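Residue numbering restarts at 1 for every chain, and letters A, B, ... go by the order of the sequence lines. Keep in mind it's a predicted model, so treat the numbers as computed, not measured.
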Amino acid sequence: MVTTRTTPEVGGMGHSPRRKEDPRFIQGKGNYIEDIKLPGMLWMDIVRSPYAHARIVSIDASKALAIPGVLAVITGKDLEKYGLHWMPTLMSDTQMVLPTDTVKYQAQEVCAVIATERYIAADAIQAVEVEYEELPVVVDPFKAMEPGATLVRPDKGKDTNHIWHWEVGDPDATDAILKASDLVVKQDVYIPRIHVASIETCGCVASFDKVEGKLTVWMTTQAPHAIRTVLALVAGHVGLSEERIRVISPDIGGGFGGKVPVYPGYVIAIAASVLIGKPVKWIEDRMENLQADSFARDYHTTAELGVNRDGTLTALRVKTLADHGYADSAANPSKFPAGLYHICTGSYDLKGAHVEVDGVYTNKPPGGVAYRCSFRVTEAVHTIERMVDIAAHEIGMDPAALRMKNFIEEDQFPYKSVLGWEYDSGNYHAALRKAMDIIGYEDLRKEQLEKRAKGELMGIGISSFTEIVGAGPSRDFDILGIKMFDSAEIRVHPTGKAIARFGTKSQGQGHETTYAQIVAEELGIPMSQVQVEEGDTDTAPYGLGTYASRSTPTAGAAAAMAARKIRDKARKIAAYLLEADEEDLEWEPGKFSVRGNPDAVKTIQEIAFAAYTNHPQGMEAGLEATHYYDPPNLTYPFGSYICVVDIDKGTGQVTIRRFVAIDDCGNIINPKIVEGQVHGGLTMGLAPSLYEEISYDEAGNCLGGSFVDYLVPTAVESPHWETGHTITPSPHHPIGAKGVGESPTVGAPPAIANAVVDALWHLGVRHIDIPMTPARVWKVLRDHGVEG
Amino acid sequence: MSLREIHLTVNGEARTATVENRLLLVHCIRENLGLTGTHVGCETSHCGACTIHVEGTPVKSCTMFAVQADGKSITTVEGLAGPDGISPVQEGFWEEHGLQCGFCTPGMMMTATALVRVEEEPSEAEIREAISGNLCRCTGYVNIVRAIQFAHRKIHSPAPVPVMAHEGGE
Ligand code: FES
Ligand code: FES
């Protein structure tokens, strides 16, 4: 049960008030990147490579420049003069802004056109004549690892496409445990390249004020402060220093990880504005968005899981080849090139594990960003949850029973995993039991047997995932050296209303509402009277931004801590006003009273007024506080999902009949928003399970580069999600919350995949890679002798 | 480049725009008419973010040229609210948490507004079918369906609308 300590009017934690940000969105008054219009603003459009690997022989811009309204065509050679043709990635690799000689993937930026209007810029990119000399292409990461393979990055001075090797765990101990196990199940699992495809694409408006020497950039970014620092580091040598850069992240039309990186388009637009002295707008179109922006996943894994006949899971060995395209531009914490992938022992008490990941270059777009998940957690969860299901089927044990037998027990928390994570809290049995009860698990198994006898294909799939979010503690977590704290600054005005600013940036998560609720919970100021602002580096405190479900664990915690600092000062003022000892004051949301004298009360509003009008001598005036929160640990949300599918033998179409999702994200700030996050995440989990994939042909042509063939689920494909929760607070988080936005994206794919394989296991099917499109399932059915 | 003057009624107001023949209606609405509530998510008729009403019928405004709207009456998200405040559809989206980032929302609400006109309450499957031309990447659609059901009841049921219970709510 969600409990509340405040009235609905105050609207603290556990209430579901209507969202504060919605009035502008439902009335068409949002302010997204494309809505920003400045006087004299120019448009930028980008010429992109049709080839996956080619030398640029020449760029002839004369016809483009002859078009009235075209002001400039910017090439890599132009940027080279300023040393701006390359830039660092967030993983300390390097990436071209514009090429000076060679393009490395299809749709890579070749040059940019600046014109007075959008349509003129679009004409001009058609008129730029580029001559290419095609070079050999390497698309398959396994071939890229072979000796003598075409080198994608000769600039690295190495004779290989191998980027890095990373491993964790004890290989010998793991090997010994596996050898001693009754059975080792082994499976190749490919988690395909996908794209977040937020409905708003990326873009920016860069405006350089020559007189002030100040650059203002409105951009679609989830991490405005970090971007400002990166810009200062990249362009410091041309005179852009950090105090003269203002990054504003306006309303963002969905981010999901895709709006964390710095894309070349932003940098080119900034360079163009600085060179020309006018504002420059760049908005990518959908095909550019899908074909060139950072991708997610693309992990080729071989996993081995040991299991004994009694159902005890023993140890896990994982080897993964990570296809990074032509640059490692993932957005992981520096120390972890494969992100938090070593959460892959999941919800199970394994005695041994060893994980190896190798990064490799190919002629594909760069990336390795999230797709609504925390740093490779989806890849980890998909692997372990598929393996556990295969193990259950192999030994003939019910997958639910096998999970129950191997879960980390409630009394083992805080639990130290064999790969070194310290899980903060959990109650895995309760979540799975609740999901089983709601869906009627035992009856479904009976129904499945009956259907199978009639030749019908029905499957039940479980996923009992453990997430790892809220990066992260400064001892281990940084991006480009910047520690992964986050921040809140709260000011209480004389009339008792407040403004709160944060280092994060909402992209739909509803921060304006939930942060206000945290402040309301801690100070008793009604959430309707707490204004929340984020996204402007000139006004908001520094923070690392919103991704990896980190806002509530970090900035949400900072909000509570800053509010508590304010409460400490408010207590002093109240003691002064009430002529009482501080120790004799009792707090309940919104007021201090003197113990034993309930009539002696000062409300937070009275105290706020006094902070500016009648504060104790010697005390600073005002009532405000800032907190930079360095989390002591990560948080570990978890859940159990059960999916029921029916498969059409004729077409291979998988239909999700029911899907029950029980999530535990600790204490809940706003139940309605949490439920909405789960719904949305489930649909984004469904998407790569059944529909979405960006693949490439042998020449490196992108297949899946538009909404014609990149199939984002509509309301018809997306089922009616059934949600519920258990509540196991985080013991180390100030308000016991854990973060939720990504759990469903992480948890859903294996539930769906397990259900499909469960429907087909008796035919001899042990694994199908996602997406389980009708065509793929149809082929599996035919290969296993099933006629339509 | 030939320019043409077009006359149209926009949210009940007579407006004139001078446009190139090739200008998409969505760009005319956003740039020439200055109404930025209508969004662009693809320009290829797939996402529905640009949905408006032309003569009362939902149309993806990236599929039309501005000149094709000459002499027509169009409604955009900015025209949904009336003198009495926000429309039942807008209210439904707000009440039922039918939006997150808000980017698909204007187009989604325009489709929904046409749908809730029919007297008989559409089934969940019919609602899902009706909005299947509008992509939403954030909400998972469940609350959009609830928002539309809310609006339909508000418009067509004489009884006051019961506030729907939410899982885990207060
Ligand atoms: S912008 Fe018109 S349908 Fe996507
Ligand atoms: S609310 Fe973000 S796309 Fe629908």
Side-chain angles (χ1 to χ4, degrees), chain A residues 2 4 8 14-16 18-19 21-30 32 34-35 118-119 196-201 251-256 283 285-286 507-510 668 671-684 706-708 712 714-716 718 720-721 723-725, chain B residues 20 22-23 27 30-31 34-44 46-47 49 76-78 80-81 86 89-91 93-106 109 124-125 127-145 166-170:
Chain A
V2 178
T4 53
H15 291 288
S16 293
R18 296 188 297 189
R19 293 202 319 172
E21 42 273 87
D22 286 351
R24 68 175 185 276
F25 294 140
I26 58 173
Q27 295 180 85
K29 299 294 180 202
Y32 300 91
E34 198 172 340
D35 304 338
R118 177 204 299 254
Y119 282 53
V196 296
S198 49
I199 304 301
E200 177 197 50
T201 60
D251 288 329
I252 300 288
F256 313 115
I283 306 288
D285 69 24
R286 177 56 60 189
Q507 312 120 41
Q509 294 90 337
I668 290 176
K672 204 190 281 189
I673 285 181
V674 166
E675 189 197 24
Q677 289 289 306
V678 172
H679 290 157
L682 289 171
T683 296
M684 279 189 91
S706 80
F707 277 162
V708 176
V712 172
T714 74
V716 170
S718 187
H720 184 98
W721 306 112
T723 61
H725 57 249
Chain B
E20 272 187 74
R22 63 175 178 168
L23 186 73
H27 290 142
R30 292 182 48 83
E31 306 285 336
L35 295 170
T36 55
T38 302
H39 296 151
V40 179
C42 68
E43 291 176 341
T44 52
H46 291 99
C47 76
T76 67
V77 62
E78 289 90 345
L80 282 184
I86 58 173
V89 166
Q90 289 172 304
E91 195 184 336
F93 273 73
W94 195 9
E95 282 293 339
E96 297 293 346
H97 188 28
L99 63 148
Q100 291 181 22
C101 78
F103 200 77
C104 72
T105 311
M109 291 193 305
E124 175 168 348
I127 293 174
R128 286 177 176 274
E129 186 69 39
I131 60 170
S132 63
N134 294 74
L135 297 178
C136 174
R137 201 56 160 162
C138 300
T139 64
Y141 303 105
V142 175
N143 287 344
I144 292 178
V145 172
H166 283 272
E167 184 275 325
E170 292 145 48

(request) Report the option among B:Gly37, B:Ala130, B:Gly41 that has the most heavy-atom pairs separated by less than 4.5 Å from atoms of chain A. (result)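 With the most close heavy-atom pairs to chain A, the winner is B:Gly41.
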
(message) Please rank B:Val89, B:Val77, B:Ile127 by heavy-atom pairs under 4.5 Å with chain A and give me the top one.
(response)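 Most heavy-atom pairs under 4.5 Å with chain A: B:Val77.
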
Under 4.5 Å heavy-atom distance to chain B, tell me which part of [X] shows up: side chain, backbone, both or neither.
X	result
A:Asp35	both
A:Arg118	side chain
A:Tyr32	side chain
A:Gln677	both
A:Val708	both
A:Ile668	neither

Non-hydrogen atoms of chain A under 4.5 Å away: do they reach the side chain of [X], the backbone, both or neither?
X	result
B:Glu43	side chain
B:Leu23	both
B:Ile86	side chain
B:Thr139	backbone
B:Val40	both
B:Glu31	both

Identify which of [options] forms the greatest number of heavy-atom pairs closer than 4.5 Å to chain B.
options	answer
A:Ala197, A:Ser198, A:Gly30	A:Ala197
A:Val196, A:Thr201, A:Leu682	A:Val196
A:Met684, A:Arg24, A:Gln507	A:Met684

(message) According to ring-ring contact (aromatic ring centres under 6.0 Å, His included), who are the partners of B:His27, at least two apart in sequence or on a separate chain?
(response)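 Result, ring-ring contact (aromatic ring centres under 6.0 Å, His included) vs B:His27: A:Tyr119.
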
(request) Work out which heavy atom in A:Ser16 is nearest to a heavy atom in A:Lys672; give both atom names and the distance. (result)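 Residues A:Ser16 and A:Lys672, closest heavy atoms: OG-N, 3.0 Å.
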
(request) Test B:Cys101 against A:Phe25 for side chain to side chain contact (heavy atoms under 4.5 Å, CB included), laying out the working first. (result) CA-CA 8 Å; B:Cys101 78; A:Phe25 294 140; over 6 Å; no

Roughly how far, to the nearest 0.5 Å, is [atom2] of [Y] from [atom1] of [X]?
X	Y	atom1	atom2	answer
B:Thr105	A:Asp22	OG1	CG	8.0 Å
B:Trp94	A:Gln27	CH2	CD	8.0 Å
A:Arg286	B:Thr44	CZ	OG1	8.5 Å
B:Leu99	A:Glu21	CG	CD	8.5 Å

(message) Can you tell me which residue among A:Glu675, A:Arg19, A:Arg18 is in a side chain to side chain contact (heavy atoms under 4.5 Å, CB included) with B:His97?
(response)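 Exactly one pass, corresponding to A:Arg19.
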
(message) For A:Ser718, give me all partners under side chain to side chain contact (heavy atoms under 4.5 Å, CB included), at least two apart in sequence or on another chain.
(response)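 A:Ser718 satisfies side chain to side chain contact (heavy atoms under 4.5 Å, CB included) with A:Thr683, A:Leu686, A:Trp721, B:Arg128, B:Tyr141 once adjacent residues are dropped.
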
(message) Within the structure provided, determine whether A:Glu200 and B:His39 are in side-chain contact (heavy-atom separation under 4.5 Å).
(response)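 The answer is no, as the side chains (C-beta and beyond) never meet within the 4.5 Å cut-off.
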
